[in-house]
Amino acid sequence: MFDHGNVTGNCVECHNGTTATGKHPQHITTDNVCEDCHSPGVWAPVIQVDHGHVLGNCTSCHNGSVATGKDANHVITTEECDSCHSTLAWTPARFDHSGIVNGCAGCHNGSDATGKNAQHIASDNICEDCHTTQSFSPAFTVDHSHVQGSCNQCHNGTVATGKSSTHIATSAQCDTCHSTLAWTPAAFDHAGITAGCAQCHNGSTATGKSTAHIRTDNVCEDCHSTSVFTPAVRVDHTHVIGTCVSCHNGTTAPGKSPSHIPSSNTCDDCHTTVAFSPAVFDHSGVAPGTCASCHNGTTATGKNAQHIATTASCDSCHTTIAWLPAQFDHAGVAPGSCASCHNGVQSTGKPTNHFQTNQSCDNCHTTSVWSPDIFTHMSANYPGDHARNPACTGCHTNNAEQIIWRFPYQPDCAGCHANDYKTGPHKNATVSDLRDCAGSCHKSSPEHSVRSREW
């Protein structure tokens, strides 16, 4: 029984496997300072393990056989124990994340290691896409591709920045317009917008009308399409403010063509926004006597080929309210020229039962009262018998022919001649007996003559 009480040297000087028993094959690898773990009074079991004298890696002992190994709940790792644990204090472990690039949630699950807290944004647990192992909190970025749920669950002004006070009024989710790659500028989806464009497109919230824009009442959607904003799909003139020529000036929009009739620039006096052509001309402003400046057969319809020959202004006969029938003013017609129009073609001529004459119409008719006519016998005297005087018999074919006389006699042969027969075969004949003078007896009597008389 060796008394180790008086031993002053190191154990291994004797316990070297030769002088005395040394370490057996299963002994842990050490630097042979036995007394740092064993007691000379009680060699086995060891009173402690001084890891400062242990050689090799941890798992050479901590393998579940020689010494306690990783329990069933230990994080999955091939790292040596001393990567996280210390021989001075096994727990808590100091995990070295420097080599970790993914799989954080394998440990940070709330059991093996701290997981997401209750206020953490909903995500798919890919910790490393937002956090770093060097500085876990706060997150260095937010990879929105791993965020779950709607945008406003975070972007509510508390968890993350929300809509600013100048944001357009909307209940749509952020990703309807914004992208996680580039928050601004927003790509607004106008697909569901049918009205109210100017609430945003006011020059502050979103681009408004340019300085060159035509003046309107800001109802954008009546001219523009949300799918293709420019050029405008149409111009709804009911929302345009100002005069036509403020746009239709040949620059902003087409203006009057070179062949346009001379006029003021008030386009809507003649044109409408529903149908620009044909124009409905307002003649109320036309100066009297100037019709032919347009109605010349080129700019506007002129006189047709059948029109009566005249140099008078159109409005002498026509009105702008009712062009036809014309109200002809005969006051300007030269005396004796009636038949130039009243020829049966251009205007009514002599009827078939009119007596034969080459006299001008205005010898008997007047333009104020055409009928009854006022016939005037032009010659003062008609010497000779009636049968030889065609000026009379051309009209007076029977004794009942109506004549207007210049003295108070009956308007027929008998009415004139009855008092001439004081003697002879016609003595005491009544007017009625003499009504048929020319028809029964006096057909052609050369000896029948009349006194010179004023007709």
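Atoms considered below: every heavy atom in the structure, side chains included; atoms not considered: hydrogens, waters and symmetry mates.
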**Q** Under a 3.5 Å distance rule, please check whether H155 uses its side chain to pair with a backbone N or O of T161 as donor and acceptor.
**A** yes
**Q** For N125 and A105, which heavy atoms make the closest approach, and how far apart are they?
**A** O-CB, 3.4 Å
**Q** For the pair E80 (side chain) and N57 (backbone), establish whether a donor and an acceptor sit closer than 3.5 Å, ignoring hydrogens and angles.
**A** no
**Q** Are any non-hydrogen side-chain atoms of V49 and V54 less than 4.5 angstrom apart?
**A** yes
**Q** Under 4.5 Å between any side-chain heavy atoms of T272 and V280, yes or no?
**A** no
**Q** Are the side chain of S277 and the backbone N or O of A279 linked by a donor-acceptor pair below 3.5 Å?
**A** no
**Q** Please find the pair of heavy atoms, one from T21 and one from H15, that lie closest to each other, and give the distance.
**A** O-ND1, 2.6 Å
**Q** Using distance alone, with no hydrogens and no angle criterion, decide if N109 and K116 have a side-chain donor and acceptor under 3.5 Å apart.
**A** no
**Q** Just how far is it from atom NE2 of H260 to atom SG of C267, taken to the nearest 0.5 Å?
**A** 7.0 Å
**Q** Look at the aromatic rings of W323 and H318 and report parallel, tilted or perpendicular, splitting at 30° and 60°.
**A** parallel
**Q** Is the shortest side-chain heavy-atom distance between Q153 and I121 below 4.5 Å?
**A** no
**Q** Report the distance from atom CG of D129 to atom CG of D124, rounding to the nearest 0.5 Å.
**A** 7.5 Å
**Q** Considering non-hydrogen atoms only, spot the tightest contact between H144 and T180 and give its length.
**A** CB-CG2, 3.0 Å
**Q** So, does T366 use its side chain to make a donor-acceptor pair with the main chain of V369 at under 3.5 Å?
**A** yes
**Q** Is the backbone N or O of T176 less than 3.5 Å from a side-chain atom of H178, with the two atoms forming a donor-acceptor pair by type?
**A** no
**Q** Do C317 and Q327 come close enough that some side-chain heavy atom pair is under 4.5 Å?
**A** no
**Q** Is the ring pair H365/H354 parallel, tilted or perpendicular, if the boundaries are 30 and 60 degrees?
**A** tilted
**Q** Using a 4.5 Å cut-off on heavy atoms from C-beta on, say whether the side chain of T252 contacts that of I214.
**A** yes
**Q** Which atom pairs, donor and acceptor, lie under 3.5 Å between side-chain atoms of residues 285-297 and protein residues at least two apart or in another chain?
**A**
{"from": "T290", "atom 1": "OG1", "to": "A287", "atom 2": "O", "distance (Å)": "2.5"}
{"from": "S293", "atom 1": "OG", "to": "T290", "atom 2": "O", "distance (Å)": "2.6"}
{"from": "H295", "atom 1": "ND1", "to": "T301", "atom 2": "O", "distance (Å)": "2.7"}
{"from": "N296", "atom 1": "OD1", "to": "T298", "atom 2": "N", "distance (Å)": "2.9"}
{"from": "N296", "atom 1": "OD1", "to": "T299", "atom 2": "N", "distance (Å)": "2.9"}

**Q** Can a donor-acceptor pair be found, under 3.5 Å and without considering hydrogens, that links the side chain of D362 to the backbone of P335?
**A** no
**Q** Would you call H120 and N117 a side-chain contact if the rule is heavy atoms closer than 4.5 Å?
**A** yes
**Q** Is the backbone N or O of F229 less than 3.5 Å from a side-chain atom of H224, with the two atoms forming a donor-acceptor pair by type?
**A** yes
**Q** Taking all non-hydrogen atoms of both residues into account, name the closest pair between Q148 and S123 and its distance.
**A** OE1-O, 3.2 Å
**Q** In the structure I gave you, are the side-chain heavy atoms of S347 and H342 within less than 4.5 Å of one another anywhere?
**A** yes
**Q** Can you tell which of S65, S60, C61 makes a side-chain contact (heavy atoms from CB on, under 4.5 Å) with N63?
**A** S65
**Q** Measure from the side-chain N and O atoms of H62 to the backbone N and O of T68, and report whether any donor-acceptor pair falls under 3.5 Å.
**A** yes
**Q** Go through the steps to decide whether T243 and T266 satisfy the test side-chain contact (heavy atoms from CB on, under 4.5 Å), and finish with yes or no.
**A** CA-CA 7 Å; T243 61; T266 310; over 6 Å; no
**Q** Working to the nearest 0.5 angstrom, can you tell me the gap between T273 OG1 and D268 CG?
**A** 9.0 Å
**Q** Measure centre to centre between the rings of H330 and W370, then say whether the value is under 6.0 Å.
**A** no
**Q** Have K209 and T216 got a donor and an acceptor in their side chains that come within less than 3.5 Å?
**A** yes
**Q** Taking the six-membered ring for Trp, are F276 and H248 parallel (under 30°), tilted (30 to 60°) or perpendicular (over 60°)?
**A** parallel
**Q** So with a 6.0 Å cut-off around CG of L55, is the heavy-atom count from everything else above 12?
**A** yes
**Q** Decide yes or no on side-chain contact (heavy atoms from CB on, under 4.5 Å) for T30 and K23, but give the supporting numbers first.
**A** CA-CA 10 Å; T30 69; K23 293 185 293 184; 3.3 Å; yes
**Q** Among pairs that include at least one residue of residues 39-55, which meet side-chain hydrogen bond (donor to acceptor under 3.5 Å, both in side chains), considering only residues two or more places apart or in two chains?
**A** D31-H53, D36-H53
**Q** Is S86 reaching over with its side chain to a backbone N or O of L88, donor-acceptor style, under 3.5 angstrom?
**A** yes
**Q** How would you list, by chain and number, every residue that makes a ring pair (Phe, Tyr, Trp, His ring centres under 6.0 Å) with H108, sequence neighbours excluded?
**A** H97, F136
**Q** Report yes if the side chains of V101 and E128 come closer than 4.5 Å at any heavy-atom pair, otherwise no.
**A** no
**Q** Taking all heavy atoms of C37 and all of V46, pick out the closest pair and write down the distance.
**A** O-CB, 3.4 Å
**Q** Within the distance-only criterion (no hydrogens, no angle test), does the side chain of S225 pair as donor or acceptor with the backbone N or O of S227 below 3.5 angstrom?
**A** yes
**Q** Looking only at heavy atoms, what is the nearest atom pair of F140 and C130, with distance?
**A** CD2-O, 2.7 Å
**Q** Take atom CZ in R94; do more than 12 heavy atoms of anything else shown fall under 6.0 Å from it?
**A** no
**Q** Assess, by modelled atom type and distance only, whether the side chains of E221 and T194 contain a donor and an acceptor separated by less than 3.5 Å.
**A** no
**Q** Do the ring planes of H74 and H85 sit parallel (below 30°), tilted (30 to 60°) or perpendicular (above 60°)?
**A** tilted
